[in-house]
Student: 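Sharing a structure here in structure tokens format.
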Amino acid sequence: MNLESLNYEQREAVEKTEGPVLILAGAGSGKTKVLTTRIVHLIKNKNISPFNILAITFTNKAANEMRERVKSLLKEDNDEMWISTFHSCCVRILRKDINKIGYNRSFVIYDSSDQLTLIKDCLKELNLNDKVFEPRAVISEISSAKDKLLSPKKYKDMNISDNRKTKIAEIYKLYQERLKRSSALDFDDLIVKTVELFKENEEVLEYYRNRFSYIMVDEYQDTSRAQYEFIRLLAKNHQNICVVGDDDQSIYGWRGADIRNILEFEKDYDNVHTVKLEQNYRSTQVILDAANKVISNNIERKRKKLWSEKKEGEKIKIQVSDDEIDEANFVADNIYKISKKENIKYSDIAVLYRANAQARPIEDALNKSNIPYTIYGGVKFYERKEIKDLLAYLRVIENPQDDISLKRIINVPRRGIGLKSIEKIEDRASLRQESMYSVIVDIESNSDLSPKAKKSIKEFVDIIGSLRAMKEVYPVSKLIEKVLKTTGYIEELEKDKKDENLDRIDNLKEFVSIAIEFERNSKEKDLENFLTSISLNSDTDEEENENEKVSLMTIHTSKGLEFPVVFLIGMEENLFPISRAVKSMNESDIEEERRLCYVGITRAKDILYMTLTQRRTLYGKTAPSVSSRFIEELPNECIEKLNSPQNEITYSKSSYNVLDKYKQKYMNSINKQTLAKKVNATIKEAEKENDTSNIKAGDKVFHPKFGVGTVVGMMGSELTISFVNKGIKKINKEYTTIDLL
DNA sequence: TCGGCACAAATTTTT
DNA sequence: TTTGTGCCGA
């Protein structure tokens, strides 16, 4: 293996194969190249067997890419080597040995919507109000407990003085019991149970320890505590652990990623060799200067400074638009111009935003200009109702203990098994600590159901029974067709030829082709493996930005990608940084937003636009906007202001900013409660200041539709206002919110 | 059991 | 604005 094409640091990272290595890989510094080269170096130059190598990533996409690149470097296929995501790696381990900790080896994997249903069930069973214990909040609490490897019991013990959390611990406990009864694991469990298995079974752990004598982890800044522990257990003996990541790109803290994992790697392992990859092969120096400057405002980070050989570059263009429609038109116009003049394809251009809701006006503008685009994110294929229904059937066929799936389809299509009957079945299942399926199999012995209901249930059991028999003889794709026919699902959709239903039928057909594809590509073609592969591959093979389309996505989604031209839109306080982070008493929330901004900026190779508005309508409410602090943090020499609106609002009396000022002032001196009180008082004051009851001629005001204007006259509650560029209008202040400027 | 209506809520989402 | 949810009457 030739290492000539690497720079000094990259080469160091590749050649240092023994002992713990931390590679701090800045954006665009070629870390995938380093990782793949390192693997090949181990095999070719160091004679390590692929069998002993484990490479872990977060996404399937990253895993596939790495596998492909290694394959082409090695010039041979190698399936002894594990290059996989945390989750699929854990599934593989669990499928082999999870029975050792009392679970069924053919477990199903619950996704977030299954989780939600199950939590709702648990709340009902515990007689808890779902307004007080909002299911989503409960899930995220449980999930974060799991990320920290807290069992229900530990979680309870830790929060003994907190009533709410004590209750949540109870829900958590029941939730785990129900999962187990259904032979199901949620995504978090995949990691947690693997760690549990390792801790309780010396010989299992020993096997993998001996096997994986070289471990590499990609995107280490995104690991949770549980994932950290998983890796630590495996690397304990040989210590040949190489982690790659960028603390500045840690943007999934809200999802359990613990930035301490990377910040404290050097403390957690002995004699860590650290390599910083700071040469960037993507962007111009102007863009990197801007990114470096913005991120330097974060305190919790490892110092890094990206540099590039691309010394020349266009300045970052900043545009202030009137509102989001205006902003969208600006984006569309410029995309059109750029694509014409500079010989740039549409697929070279991305529009990035903080929140999905911002895509709407952009879409409208692009449509108007006939510019093709794809939106990333949105409703996923596997989340569609018809697909979920079909999947539920398949899961029940594979694993009848799966109550959540069973409940989903027991009356779909409608076969006269109503809510009452289902409830009775559930109660009985609960009583006997068994699955619902075992209850309905011997429904005869159940006396409190009507003969009619019993008959329907028996029919349902027969359908499932016959499908289970078919599973043994048919390939998955054929089985799916049988499911659709036998259950009458397709028939039901065909009855009513609405467009919606035709779409659904199309999707189901698409699903059949996915199954055929699976059969073609997999070694293990059984239903269990099919279901696993679907659970673990939520990203439907996005058509590889093949042809000529502008990409629209959130900044989160853009991580890891690059585009010659990037538009970062909505650079406004309370949108980016998002209001939650601004309002929170926690500076680390702002730091995460700033890292997100850093990620956004570093997506651009050559040209970067940043846009903001003077007033924005979001969720049907219009409010004046304030330019983002991240805009203010950009170095002057890197930016070019495209317009300088006369009435630009640079600073407002907006309560959040007031709050922010106070936050900084008091951050270190007083406790949170006092701070909160102070802040509330200040907000009240700010609101009073904005009281429009004593408005008078000459006052500058802001109107949600017409923008900034001057009051010229007033009569009762009717104001006459001269608006900038919009002329004189009469406004009734009783009906419109007008802000004093 | 379903459709209609009022009401509330609304970041980000690799698996 | 959009989207989901709960409740009520037919």
Side-chain angles (χ1 to χ4, degrees), chain A residues 56-65 84-91 109-116 120 129-131 134-137 139-140 143 146-147 185-192 218-224 226-227 249-257 324-325 352-361 364 376-380 382-383 411 413-421 532-539 542 553-561 570 574-584 589 592-593 595-597 599-600 616-622:
Chain A
I56 298 270
T57 63
F58 271 84
T59 64
N60 291 300
K61 209 175 142 208
N64 291 336
E65 193 187 329
S84 72
T85 63
F86 270 105
H87 296 264
S88 49
C89 167
C90 287
V91 168
I109 301 165
Y110 276 2
D111 68 16
S112 39
S113 67
D114 303 319
Q115 259 184 310
L116 193 65
K120 283 180 184 165
N129 185 335
D130 60 4
K131 289 268 156 43
E134 221 240 304
R136 281 179 194 285
I139 288 178
S140 88
S143 171
K146 289 187 180 182
D147 283 336
L185 300 185
D186 65 18
F187 280 121
D188 302 315
D189 279 343
L190 296 179
I191 317 290
V192 175
D218 192 12
E219 305 278 18
Y220 194 66
Q221 77 281 351
D222 290 339
T223 47
S224 67
Q227 287 159 339
Q249 291 188 69
S250 162
I251 55 174
Y252 286 105
W254 49 275
R255 243 176 137 273
E324 71 284 348
I325 314 265
L352 309 182
Y353 34 81
R354 176 64 242 257
N356 286 119
Q358 290 169 260
R360 179 48 76 72
D364 292 345
Y376 292 77
V379 199
K380 301 235 175 63
Y382 295 121
E383 273 158 29
N411 200 29
R414 225 161 287 130
R415 42 174 82 88
I417 307 176
L419 244 59
K420 277 270 156 356
S421 312
T532 305
S533 107
I534 282 176
S535 301
L536 263 25
N537 286 281
S538 68
D539 55 332
E542 298 276 5
M553 65 184 88
T554 63
I555 307 172
H556 280 94
T557 312
S558 77
K559 200 175 100 176
L561 305 176
N574 297 317
L575 180 57
F576 193 23
I578 202 125
S579 69
R580 269 240 177 91
V582 178
K583 276 188 268 188
S584 108
D589 289 349
E592 182 150 315
E593 294 288 305
R595 291 192 290 270
L596 191 58
C597 181
V599 168
R616 177 176 299 271
T617 308
L618 198 61
Y619 304 131
K621 276 220 167 63
T622 306

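Quick note on labels: first sequence line is chain A, next is B, and so on, each numbered from 1. These figures come from a predicted structure and were not determined experimentally.
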Student: Between A/F187 and A/E134, which has a closest nucleotide on DNA chain B that is more 5'?
Tutor: A/E134
Student: Taking side chain as C-beta onward, heavy atoms only, is A/K559 less than 4.5 Å from A/D222?
Tutor: yes
Student: In this structure, how many angstroms lie between the C1' atom of B/dT15 and the CG atom of A/L185, rounded?
Tutor: 13 Å
Student: How long is the line joining CG of A/L618 and P of B/dA9, in whole Å?
Tutor: 17 Å
Student: Between B/dT14, B/dA10, B/dT12, which nucleotide gets closest to the side-chain atoms of A/N356?
Tutor: B/dT12
Student: For A/S535 and for A/A357, find the nucleotide of DNA chain B with the closest heavy atom, then tell me which residue's nucleotide is more 5'.
Tutor: A/A357
Student: Rounded off to whole Å, could you give me the CD1-to-C1' distance for the A/I417 and B/dT1 pair?
Tutor: 15 Å
Student: Identify whether any heavy atom of A/T557 sits under 4.0 Å from a base atom; if not, whether one sits that close to sugar-phosphate; answer base, sugar-phosphate or nothing.
Tutor: sugar-phosphate
Student: Could you check which of B/dT15, B/dT14, B/dT13 has an atom nearest any side-chain atom of A/T554?
Tutor: B/dT13
Student: So what does A/D189 touch, heavy atoms closer than 4.0 Å: a base, only the sugar-phosphate, or nothing?
Tutor: nothing
Student: So, OP1 or OP2 of C/dT2: does either fall under 4.0 Å of a side-chain N or O from A/R360?
Tutor: yes
Student: Please tell me which of the listed nucleotides, B/dT15, B/dA10, C/dG6, lies nearest to the side chain of A/Y619?
Tutor: B/dA10
Student: How many whole angstroms separate atom CZ of A/R136 from atom P of B/dT13?
Tutor: 14 Å
Student: Starting at CD1 of A/I56, measure out to SG of A/C89 and round the result to the nearest 0.5 Å.
Tutor: 4.0 Å
Student: Once rounded to the nearest 0.5 Å, what's the spacing between atom CD of A/Q227 and atom SG of A/C90?
Tutor: 8.0 Å
Student: Do A/R354 and A/E593 meet the salt-bridge criterion of a basic N to acidic O distance under 4.0 Å?
Tutor: yes
Student: Whole angstroms only, please: what is the NZ-C1' distance between A/K621 and B/dA8?
Tutor: 11 Å
Student: If you measure from CD on A/Q358 to CZ on A/F576, what distance do you get to the nearest 0.5 Å?
Tutor: 9.5 Å
Student: Please give, in whole Å, the distance from B/dT15 P to A/H556 NE2?
Tutor: 15 Å
Student: Mind telling me whether A/Y252 and A/H556 have parallel, tilted or perpendicular rings, with 30° and 60° as the class edges?
Tutor: tilted
Student: Any N or O donor-acceptor pair linking the side chain of A/R255 to the base of B/dT11 at under 3.5 Å?
Tutor: no
Student: So which nucleotide from B/dT13, B/dA10, C/dT5 ends up closest to the side chain of A/K120?
Tutor: C/dT5
Student: Measure the distance from CZ on A/F86 to C1' on B/dT15 and round it to the nearest whole Å.
Tutor: 11 Å
Student: Could you tell me how far C/dG4 sits from B/dT13 if I compare only their P atoms? Round to whole Å.
Tutor: 16 Å
Student: Measure from the ring centre of A/W254 to the centre of the six-membered ring in the base of B/dT12, then say whether that distance is under 5.5 Å and the planes meet at under 30°.
Tutor: yes
Student: Using a heavy-atom cut-off of under 4.0 Å over every strand shown, decide if A/Y252 touches base, sugar-phosphate, or nothing.
Tutor: base
Student: When the distance from CG of A/L352 to P of B/dT12 is rounded to whole Å, what number comes out?
Tutor: 14 Å
Student: Using a heavy-atom cut-off of under 4.0 Å over every strand shown, decide if A/Q358 touches base, sugar-phosphate, or nothing.
Tutor: nothing
